[in-house]
Amino acid sequence: MKGEKDNKFHAPGTLVLAFIFLGFFIALYFINWVMLSGTWAVR
Amino acid sequence: MNITQESAFRTCSVTGLRVHLPAQKLIITNAVAAVVFLLIGGILALLIALTRWEVVQLLPADLYYRFLSVHGTVMLVFWIVFFEVAGLYFGGTVLLNARLLRPGLGWFAFVLMLAGAVMSTLVTFAGGADIMFTAYVPLKAHPLFYLGVILFAVGALLAVGLFLATVIVAKKEKRYTGSVPLVTYGLIAAAIIAVFTLVSGAIVFVPAFLWSLGIISSFDPGAYRVLFWAFGHPAQQINLSAMVAVWYALATLTTGAKPVNEKLSRFAFLLYILFINLGSVHHLMVDPALSQANRIFNTSYFFYLAVLGSLIHAYSIPAGVEVAQRAKGYAKGLFQWLVKAPWKEPGFAALAVSFVIFGFIGGTSGVIQGMQVNMIAHNTLRIPGHFHATVVGGTTLAFMGLAYYLIPLMTRRQLVGKAWASAQPYIYGVGVTMLSLGMLWSGILGVPRRTYDIAASSAGVAAPAYAGSDVTLAIMGVGAVIAVIGGAIFVGIAVLTLLTGKKMK
Ligand code: HEM
Ligand SMILES: [Cu+2]
């Protein structure tokens with residue numbers, strides 16, 4: 001048990017950054033399609 | 001002088017690292033060649049960017065295509081690979097406390113690379129190879145262009161072999177204990193990918209050379225494309241692995257960070273070796289030679305395993321910095337560790353900016369464009385927009401950051417203009433960000449890449465309007481000017497340090 005605890009590290013800030021990145025990617029992914037739909041409109 | 005003798009080493013008084021002197025000379029020489037090519041490529045970058053900025057349109061059409069061809073090769077192959085060879089020799093000797101096995105072979109490799117690089121650059125400048133980076137058959141260049149690239153690739157292959165042999169012998173001679181440091185491990189991953197890449201390069205350029213000489217009558221364009229991308233895409237994975245290795249090095253150097261889970265980081269490098277080459281197929285999405293199953297597997301499933309490797313590094317590097325900073329007492333709240341990071345240290349600034357541009361712009365655009373919208377993004381400015389975020393904002397900037405430590409360590413001269421070096425990554429970063437976003441956005445509007453005049457004014461046909469591209473191309477143009485200024489600051493610091501830096505004891 002003790003050995004396991006030694007292996008743990010504490011980096012909560014990085015976890016938040018990872019989620020910011022995830023949110024950024026999701027936003028970008030949708031913006032991509034919205035913008036492309038403007039360029040390649042089906043008329 | 002017997003190069004195995006202890007007298008062939010010196011001990012650095014600042015870092016305590018032991019430096020093998022014959023290796024040191026080779027490291028400096030390769031790095032100098034790299035910087036010279038960066039300078040050439042940078043000047044051309046400004047000229048072609050100011051041509052693509054439609055309202056400026058600086059160059060005449062023929063020079064635009066010619067300089068575009070030189071810019072691509074000089075930057076993506078010569079600058080990057082010369083610097084990587086310097087990095088390999090550093091990681092294989094200094095970081096392992098080891099000697100470079102055969103310095104003579106290193107010099108032979110260097111001469112081949114330099115001769116090849118100079119030859120193909122001159123031929124292209126002279127108008128013998130206006131065929132752009134990809135050199136797609138049946139576009140035909142002068143035979144000496146292909147010969148130059150082949151010489152360069154053979155030289156680079158020898159250098160990679162020398163590095164691998166050096167690492168193996170260092171282990172045998174017990175120059176270090178345990179497994180190799182993570183940075184060297186990442187460089188070994190890069191070197192392994194490099195062997196595959198450079199052999200593919202030879203396989204594609206040798207027949208092209210013979211074809212251009214007239215010895216072979218034709219070269220199937222489909223075969224060329226498959227072979228070329230067995231070189232062109234893996235080459236970027238060498239850059240990726242080497243860049244990540246440099247990130248780990250910079251994090252340790254500037255904050256004392258250690259990998260939070262070294263085994264996992266090593267595993268992530270392994271994922272690069274195993275899977276990323278298969279992603280090459282994203283360049284061949286409509287090539288009739290490949291089966292649909294091949295394309296789907298390689299560009300989706302296998303590609304994602306390589307992306308997983310990058311995500312592991314993307315987590316473990318900031319986490320390592322956070323742990324190190326918290327241990328120093330910057331433990332308040334979620335982000336004191338980040339706020340109190342050494343933002344004025346050139347290496348940390350380069351790491352942070354390179355990391356953010358690579359991840360937030362390069363990585364995301366690669367994942368989005370590489371697959372689902374591949375065909376819509378194809379041949380638009382979205383493509384250079386993506387890779388200027390990866391290979392310029394990411395790799396090139398990381399290498400610049402490393403150079404700020406490598407140059408003083410190797411030349412024993414104090415860095416000239418440390419304050420400039422601290423500001424440089426930010427200036428360059430702002431420039432490359434604008435350049436990339438301007439290109440990406442233009443590409444989304446449909447603006448093609450490798451096109452002198454998007455209005456097609458001399459063609460007598462109605463070109464699309466690309467509404468809004470006047471603004472996005474201006475963002476690209478202004479970004480290019482800022483990025484080139486940032487690049488010039490780096491070159492200035494490097495050259496001045498080499499020539500006039502104060503000698504350290
Ligand atoms: C200040 C820095 C830079 C600026 C302003 C810049 C600008 C440009 C521009 C405007 C293009 C032409 C896009 C087109 O018309 O299709 C281009 C192409 C390219 N650049 Fe850069 N670039 C820079 C640095 C780099 C670096 C450092 C590398 C490599 C490490 C690089 C690699 C390439 C490649 C491979 C191409 C494509 C060539 C082709 O289409 O055949 N660039 N760059
Ligand atoms: Cu690729």
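As a basis for the values below, the full set of heavy atoms in this structure was taken, side chains included, without hydrogen atoms, waters or symmetry mates.
- Residue B:Val367 touches chain A through its side chain alone, counting heavy-atom pairs closer than 4.5 Å.
- In this structure, CG on A:Leu15 lies 9.0 Å from CD on B:Glu322, to the nearest 0.5 angstrom.
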Go through the steps to decide whether A:Phe21 and B:Leu311 satisfy the test side-chain contact (heavy atoms from CB on, under 4.5 Å), and finish with yes or no. CA-CA 11 Å; A:Phe21 181 71; B:Leu311 290 176; 4.3 Å; yes
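- Note: A:Thr39 OG1 to B:Ile444 CD1 = 7.5 Å, rounded to the nearest 0.5 Å.
- Contacts of B:Leu440 with chain A are absent, with no heavy-atom separation under 4.5 Å from either backbone or side chain.
- Put simply, CD1 on A:Ile26 and OG1 on B:Thr364 are 12.5 Å apart, with the number rounded to the nearest 0.5 Å.
- The environment of B:Trp53 atom CH2 is dense: over 12 non-hydrogen atoms of other residues, nucleotides or ligands sit within 6.0 angstrom.
- The OG1 atom of A:Thr14 sits 8.0 Å away from the CZ atom of B:Phe335 when rounded to the nearest 0.5 Å.
- With a threshold of 4.5 angstrom between heavy atoms, A:Phe24 approaches chain B through side-chain atoms but not through N, CA, C or O.
- In this structure, B:Arg382 and A:Asn32 approach most closely via the heavy-atom pair NH2-OD1, 2.8 Å.
- Residues B:Ala319 and A:Phe9 approach most closely at CB-CE1, 4.2 Å, considering heavy atoms.
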Worked check of side-chain contact (heavy atoms from CB on, under 4.5 Å) between B:Val373 and A:Trp33: CA-CA 9 Å; B:Val373 304; A:Trp33 290 106; 3.5 Å; yes
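- Contact between B:Ile368 and A:Phe25 at its shortest, heavy atoms only, is CG1-CE1, 3.9 Å.
- Within a 6.0 Å sphere centred on NZ of B:Lys328, heavy atoms belonging to other residues, nucleotides or ligands number more than 12.
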